[in-house]
Engineer: 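If you scroll down you'll find the structure; I have some questions about it.
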Amino acid sequence: MSVLHALVPAPVLSLMILGLWLALAPQITPGQFVLGAVVALAIPRLTAAFWPDRPRLARPLAALRLAGTVLADIVVANFAVARRVVGPLHRLHPAFVEVPLDLRDGFVATILGSIVSLTPGTVSIEIDRERWILFVHALDDTDPQQLVDTIKRRYEAPLREAFAC
Amino acid sequence: MELIVAAGIGLLTACGLYLVLRAETFSVVLGLTLLSYAVNLVLFASGRLVANAPPLLVEGVPRHTDPLPQALVLTAIVISFGMTAYLVALALRAKGESGRDGFDGGDPT
Amino acid sequence: MSHLAIIPILLPLAAGIACLALERAGLVAQRAVSLAAALMMMAVAALLLRHAGTGAIDVYALGNWPAPFGIVLVLDRLSALMVAVCAALALPALIYASGGTDALGRHFHALFQFQIAGLNGAFLTGDLFNLFVFFEVLLLASYGLLVHGNGRARANAGLAYVVLNLTGSALFLIALGLLYGTLGTLNMADMAHALARVPAADQALVRTAASLLVVVFALKAALFPLSFWLPSVYGAAVAPAAALFAIMTKVGVYALLRVSSASFAGAPVTADLLQPWLMPLAIATIVAGTLGALAARRLAVVVASLVVVSTGTLLAAIAASGIEAIAAALFYLVHSTLVAGGFFLLAGRIASARGEAGDGFRTGQTATRAVTLGAAYLVFALAISGVPPLSGFLAKLMILRSIQEAPFGPLAWTALLSSSLLPALVLARAASVFFWEAKPAPAATAEARLGLPALAMLTMLAASPLLVAFAAPVADYARATAMQLRSPAASEAVLGADPATARERRP
Amino acid sequence: MSVLIVLALMALLAGAALAPVAARFGRVRASQTAAAALIGALALLAPLAPGVLSGQVVVASWSWLPEWGLDLAFRFDGLSLLFALLILGIGLLIVLYASYYLPVADRMGRFLGLLLVFAAGMLGIVLSENILLLLVFWEITSVTSFLLIAYKYEAHDGRIAARMALAVTGGGGLAMLAGFLLLGHIAGSFELSDILARGAQIRAHPLYAPTLVLILLGAFTKSAQFPLHFWLPNAMAAPTPVSAYLHSATMVKAGVFLLARLHPALAGTELWFGLVSSVGAATFVYGAYVALLKHDFKGLLAYSTVSHLGLITLLFGLDTPLSVVAGVFHIINHAVFKASLFMAAGIIDHECGTRDMRRINGLFKYMPYTATLGIVAAGAMAGVPLLNGFLSKEMFFAEAIEHPHFGAHTWVLPVFATIAGTLSVAYSTRFIHDVFFNGEPINLPRSPHEPPRWMRFPVEILVLLCIAVGVAPQLSVGPLLDAAAGAALLGNLPAFKLSVWHGFNLPLVMSFVALAAGIVYYLNRRFLFELHERYLPDLQSPVAFERVYQAMTAAAARVMALVDSGAPRRYLAPLLVFAIALGLWAYWSAHPDGLALAGGAAGAPAGPLVQALALAGLAALAAGCLGVVACHRQRLLAIIFMSVVGLVVSMTFVLLSAPDLALTQISVEVVTIVVMLLALRFLPARAETAEPRGRRLRDMAIAGLAGGGVAALSYAMLTRPFETISNFYLANAVPGGGGANAVNVILVDFRGFDTLGEITVLAMAALGAHALVSGLRLAPYAGSAEREADRHPIMLAMLVRPLLPLALAVSLYILLRGHNLPGGGFIAGLVTSVALILQYIACGIDFGRARLPLDQPRLIAAGLAIAGATGLASWLFGAPFLTSAHGHVHLPLIGDVELASAMLFDLGVYLVVVGGTLLVLTELGALSRRELAAEGATREAATREPATQEPAPWN
Amino acid sequence: MLAVVVPVAVGLVVAAIALTLWRLLRGPGVMDRVLALDTLAINAIALVILFDILFGNAISFEAALLIAMMGFVGTAALCKFRLSGDVIE
Amino acid sequence: MLTEVLTSALVLIGAAFVLLGAVGLARLPDLFTRLHGPTKATTLGVGAMVVGSMIHFNAQGDGVSLRDLTIVLFLFITAPVSAHMIAKAALKERERAPQAEPPAQQDPSET
Ligand code: NA
Ligand code: NA
């Protein structure tokens, strides 16, 4: 394990890079694979300094599950937001919502913020790292507490599970 | 198509030159940037305007437009980027030396 | 495979890169590299002159791609001459700079070498777009050299110069685009062939494109009314930079000469593109430069104004356009470049020897080494004003003789002769201020020893007398160059006997 | 034998070079050296003299610039001999005199050096066979005379007088140059032998008149003819030996020498007669008139010189053979007596410490010997019998009587001659009476006494000569005069007799009338002085010259201020107007068939969809452009609008088959915006926002015209078919360049040299910017946003962390594939730079620098070196620079890999782009860390402070 | 089918661009314009993808990729400038 | 045929959402609500188009390529950052001018 860790210090990142490389390649040939692997091993090592306190993905499966949830949410919620955008504006109730966080990692909090921003109807405005609060702007928010709960349940909890934080 | 591109070139040139003739350095920088767009388009247009004919000798690309102007434009883009960067640095230096923006001497008021 | 033609570009380029790499190693190392490269350039220039002097035309196909498809360098008499002048100017300027000017800012030696590379590239290339690229190389280096040492005047002069030249570059590219878009080639020799075959329906377009190109060259050459920028800009630069700038306007003149005699003259569509207006504007340039010299309050600005005069003089000869006139122009070009360059160095010496008064026309302290400086001043002043027995007189004599029969000849004579007298009076007045009206210096200054700058300046001092001593060979070379420019030999060397290969009509 | 001519010149020049050296060993050594040079020159010429005296002409010629008419051709004939004797002989006396005259502390070596250069120039003039060579020597005398006049440069008037002399004689010299060129053109040769032989042809030529006028301008200025005489009296600021040599015996004689020299070629026309004789006559009378009025005796002598030069000119102008003889004779006589007078005057000046004749009186008592010498010489000047001046004046009077030109009015010339003679007598009398007699001296600084023996010696020699010629003319100068006048007349010497007594004839009467009238005139001088001082203010003083000069430079400065204010727009407007004008002219002067804007080509076969897209693009472009123009003072908005323009251009490239360009444009756009934003912190809008409406309209007109022109030309181009070379690239990219992306193959292979230049440009831009910014301290402008505590927004800071490795992977991919598909070193370099810059934006410069301690200049150097080395590698294979190689490499596990050397070149490009971009951006960014003042309060005040230099890190 | 659909889609995107430009010109705040600019970049990505489908080759893919990857840098820099008056410090 | 239908549908949906995003941008009342338009709808819009394009080209070619997904990858990383930065800057602007929305047309830093 430690040998492997020494060889591949950031396995997820390396996998992502390899995937990116192979996706970009016109054809997936053995040559491209080798080249991609070299790149995927080298770049994280070269850029390690730029990513201090790199969080470790403890449970990749949980992360994949979360990704599925988010993608589905994006599709579903998009239609809902579409209706609101073309609908009458006076029915909109935009609001700022504070989401208290349980996680304590800046990067993971940022991922949470991104998920919030990517899912329709909400945008992350700020992450307060002293009080660990995520500030969210909701396009049409009738029940703030429900929004907070949804975010914490659907996104924060799986994230904490995946990153073990 | 030709008329539209020519009009765009003319517009860029005119706006760019108008700004280049202003007194403030920053306007001049903006003007030169617009002018460089115009110039690049002229140079690009010298190979004529063709859609869907990239100069790539690969499968699935049956027609090829003139590659030479594209190479020239690429050179010109990079050069004009370097110039912009240099000009900005120079403008800052001039400001640092004279304590004000705009060109020394200026125009009689 | 002889690589002679490309050495003048690669050598300074390599030296510039080395200077960059040695930035941490300190100035001494950079000076050593830079001076060694400049010395080697002198040797290379001698080889080039010897080779081109046989009448041979070397075509160097970069990347081994034949013209007109690849870029070719053309080493003929003219380009060899220009490279040699550049080398002769660069070495003393570098020696001067190594006396301490180079420490006033960063990257002096790298920029200087790159500028030489740019100049030589512009002289040697046979490709119009490549000419643009080398123009940019030399311009960018010159921007850096112009503001070297910083200060308000330099920064402001730099802004004006950069903005003007950026606009000029834009114009160059527009002209290039239009020319390529009609003639379908970038090689200058090939362009001449294409120009000769332009159908009547395209002639207005081609002419206009060519005229825009001429405007660009006229800007570089500082032809009236595009000459106003020059005195204050050149006058602002540190002496060795200004010295090297003495050849920059000549690049414009060179380009104008090259395209007008090699490309434009042979084609009906462009044959009369310069004739109707070049001579009057050249005369106006002489007048403008003379006025500038009269108006100047500093020696360097006077010299810079005289650079404008030299442009006007050169272009007057080029406008007259006979073999004799071109030959005269080339002799004059060598003379005026070297003398103006040396004079810039001298102005720098005077400025540093006079303390606060600098090279301004106001009473200051007695210059240290006043006798040496005064003697050098006399030589440069005589040479630049065209007073016998120095080279300026010979050059002026040739120009006067060769433009006598040209249209506006009497006017040009008047302008030329006035441009000798009035600046001479200005220079006499300046000498009076510098050397005769001075107040004794408060105490002996550190400048008293003869350093590298003085050595450089004294080296340049030799140029004019040498040009007198070797007037006949130089004049013969100039004449042979003028004849070579007119002959189809260069075109044949570049393109072979049948230039119309491998082109096809594109939809 | 003829080489002796050159050797004589060389002897003088050698003396000039050695004299300053010898001066280190003492004044005497310097004088001896100079004297040796002069004697040497005389000795070298002596062997030629007998032949020349018998009418022979020695010509020696060496080639210099034969094709341009300038050769080292020399001529030694009677005229040359006469002048050579004057120049060298009097020169010798002057050297002797000067060694006593000049103060001990003075720069003797330099003085003698200059004097000998001058003598060489003078000798060159008289020895030249080639007229252009003559001109060379002519100008040498102008320059050395400038330096000699200003020899006592501590005196203000002396400096100005020197410049005045330079202005007049220099201008004349230039006119003469023009005249000589015309003369050579007419004669078909610049050799005197040819020119003198072709007089008839020259005089018949339509260009004869301008030629003559121009040459005479040269001669007249040099010989101080009215109204261009004024420099000469002012040149008396020079030390007396100089005045004696240059301004009496030699240089001023160069003009009349030229009249004599070119007489056979140019004389014999109405124009010659009219011009030369009238100018000479006017000078003669004017000089004589003013001479009397000068209180400074050197001024008196100077004006008398002007007058005598006028007389000589008049004699040549009268243009009879005998008048020419008289002119040549008077040249000799005047040189002798005037040189002696000047030297005597110098002694007096030396002894009295002043030259004001109102104070100097009665010197005969104090220095009788010198006074006697002076009186004799002045007598010669007045034309007293038995002295040399009398003889030539008699010849003039005789010529005046017999001259055929005045027809019925025969009395005009004799009367004029008598009046002029009267005036000469009057000023000569004044010199004698006012200096040597006339009571006692008043308030002299020193008490005068006789000078040292050898200082007087040169005067004695010359005065003896005056007497010798006056008493025995034929014996003393007869042969010389024959030879010299013979040369001026091409051997057609008239019959004349040199003797003291011609019988009691009309000229003699005139002489005595003039003598008597002159004395009477002198006695009534007071009345004249008053008249003169009241009505004829001194217009020719140095002050007046300086005033004219200053006015001229001030006028020039006013003109230049109109065109050159240092503002770029002042230079740009002419450029644009010139380009528009020339372009319009070129267009409309073309073949009439070519004037239609639209050409015959069908244009791009674009569907309606593409057309619609293009229109939409144009709309977006217009929004962007006009937005930039409208908001150019609200700079952040202008940048936003600029980005829109950039996006439209990028999309244009996408739509019109230029993927490489699109990629480049997209990446450059990002970097450009960042650069502009970095500058924005320090570049506030100008306070004075109101621009004159007229200027805005003018600029709009210029910009609109130019834009319209470029649009029209582009349209014209786009609608025309053309032949191009570029099929070659498409055909050879794969087989020849080993790449499927033709654009990239052009960039790194076909035209790789352009690219090498281009990365050099980029490198220099970055280095230049670096040099500009280093050490610069700026104040942020007052309105720029306050910095807040949270400088690094967390989501940005966190999300750029995974982005960096991913973007680097993309950029590597783009770099590697560029040879075959859109991409390459430029784009990859820009992507890498942007990815890195993003780190700086998100986390600050310290964060970035700590993690990537790049020496960007070195990175740039490495990139350039790699690109260059790739090019050089082809030399190893005997191929030209940048010749590429490519081929398949079989690697285990990986398989066939196509590699091209050009890809290595592209790596160099990549490194330069990364190094350059990072250098510029980090250096500009670092500016805000060096801000001048504490944030907030003192900002506005700080903007006035100049930039200060940090201790230079490279020292 | 694509022959009809793609032009329609292009039309929709062009309409989106028009609306975005309207916001860009209208403002009112600087940030509104920055937002419009950001949106314009995303519209451009859509347009590029449509071009590729329209022309039947995926040549312009990298253009879309680069806009997606780097388009936001301009936005981020503009915002950072608004936030703290400098971009890199 | 199926792929063509699928592609068409995805492309149309994508284009429609792109338009919707722009409508939101143009129509919604203030900056924070406008922010929702583009960052949401365009994400799905481009996402759908990318998938459509991928299906289209994979159906034409021989192998399977996922490269269009890289566009989505980067968009998903960067779009929230843009939104975050814009919102933060807008908030700051509101702080600076607490009484009202910042005066419209003019860049306040210029005054
Ligand atoms: Na007296
Ligand atoms: Na900053």
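Lettering follows sequence order; numbering is per chain, from 1.
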Engineer: Is it the case that more than 12 heavy atoms not belonging to Arg59(A) sit under 6.0 Å from its CZ atom?
Structural biologist: no
Engineer: Can you measure from CE (Met798(D)) to CZ (Arg129(A)) and round to the nearest 0.5 angstrom?
Structural biologist: 4.5 Å
Engineer: Just verifying a value: how many Å separate Leu22(A) CG and Tyr813(D) OH, rounded to the nearest 0.5 Å?
Structural biologist: 10.5 Å
Engineer: Do any N or O atoms from the side chain of Arg851(D) and from the backbone of Ala49(A) form a donor-acceptor pair under 3.5 angstrom?
Structural biologist: yes
Engineer: Where along residues 819-844 of chain D does a heavy atom come under 4.5 Å of chain A, listed by residue number?
Structural biologist: Leu836(D), Gln839(D)
Engineer: Under 6.0 Å from the CD atom of Gln27(A), do we count more than 12 heavy atoms belonging to anything else shown?
Structural biologist: no
Engineer: Is it the case that over 12 heavy atoms from other parts of the model lie below 6.0 angstrom from the CZ atom of Arg104(A)?
Structural biologist: yes
Engineer: Is Leu808(D) in contact with chain A via its backbone, its side chain, both, or neither, using a 4.5 Å heavy-atom distance?
Structural biologist: both
Engineer: If you count the non-hydrogen atoms of other residues, nucleotides and ligands that lie under 6.0 Å from CZ in Arg153(A), is the total more than 12?
Structural biologist: yes
Engineer: Relative to chain D, which of Leu24(A), Val39(A), Ile127(A), Ile43(A) shows the most heavy atom pairs under 4.5 Å?
Structural biologist: Leu24(A)
Engineer: What part of Arg54(A) lies closer than 4.5 angstrom to a heavy atom of chain D: side chain, backbone, both or neither?
Structural biologist: neither
Engineer: For side chain to side chain contact (heavy atoms under 4.5 Å, CB included), just list the numbers for Ile794(D) and Glu126(A), CA-CA rounded to whole Å, side-chain angles, deciding distance to a tenth of an Å, and then say yes or no.
Structural biologist: CA-CA 8 Å; Ile794(D) 173 168; Glu126(A) 183 62 293; 4.1 Å; yes
Engineer: Below 4.5 Å, heavy-atom pairs only: which of Trp51(A), Phe107(A), Phe33(A) has the largest tally toward chain D?
Structural biologist: Trp51(A)
Engineer: For chain D, which candidate among Ala42(A), Ser117(A), Pro52(A), Ala25(A) shows the most heavy-atom pairs at distances under 4.5 Å?
Structural biologist: Pro52(A)
Engineer: Measure across Ser114(A) and Leu799(D) and return the closest heavy-atom pair with its distance rounded to 0.1 Å.
Structural biologist: OG-CD1, 3.3 Å
Engineer: Using non-hydrogen atoms and a limit below 4.5 Å, what part of residues 12-21 of chain A faces chain D?
Structural biologist: Leu13(A), Met16(A), Ile17(A), Leu20(A), Trp21(A)
Engineer: Rounded to the nearest 0.5 Å, what separation is found between the OG1 atom of Thr110(A) and the CZ atom of Arg801(D)?
Structural biologist: 9.0 Å
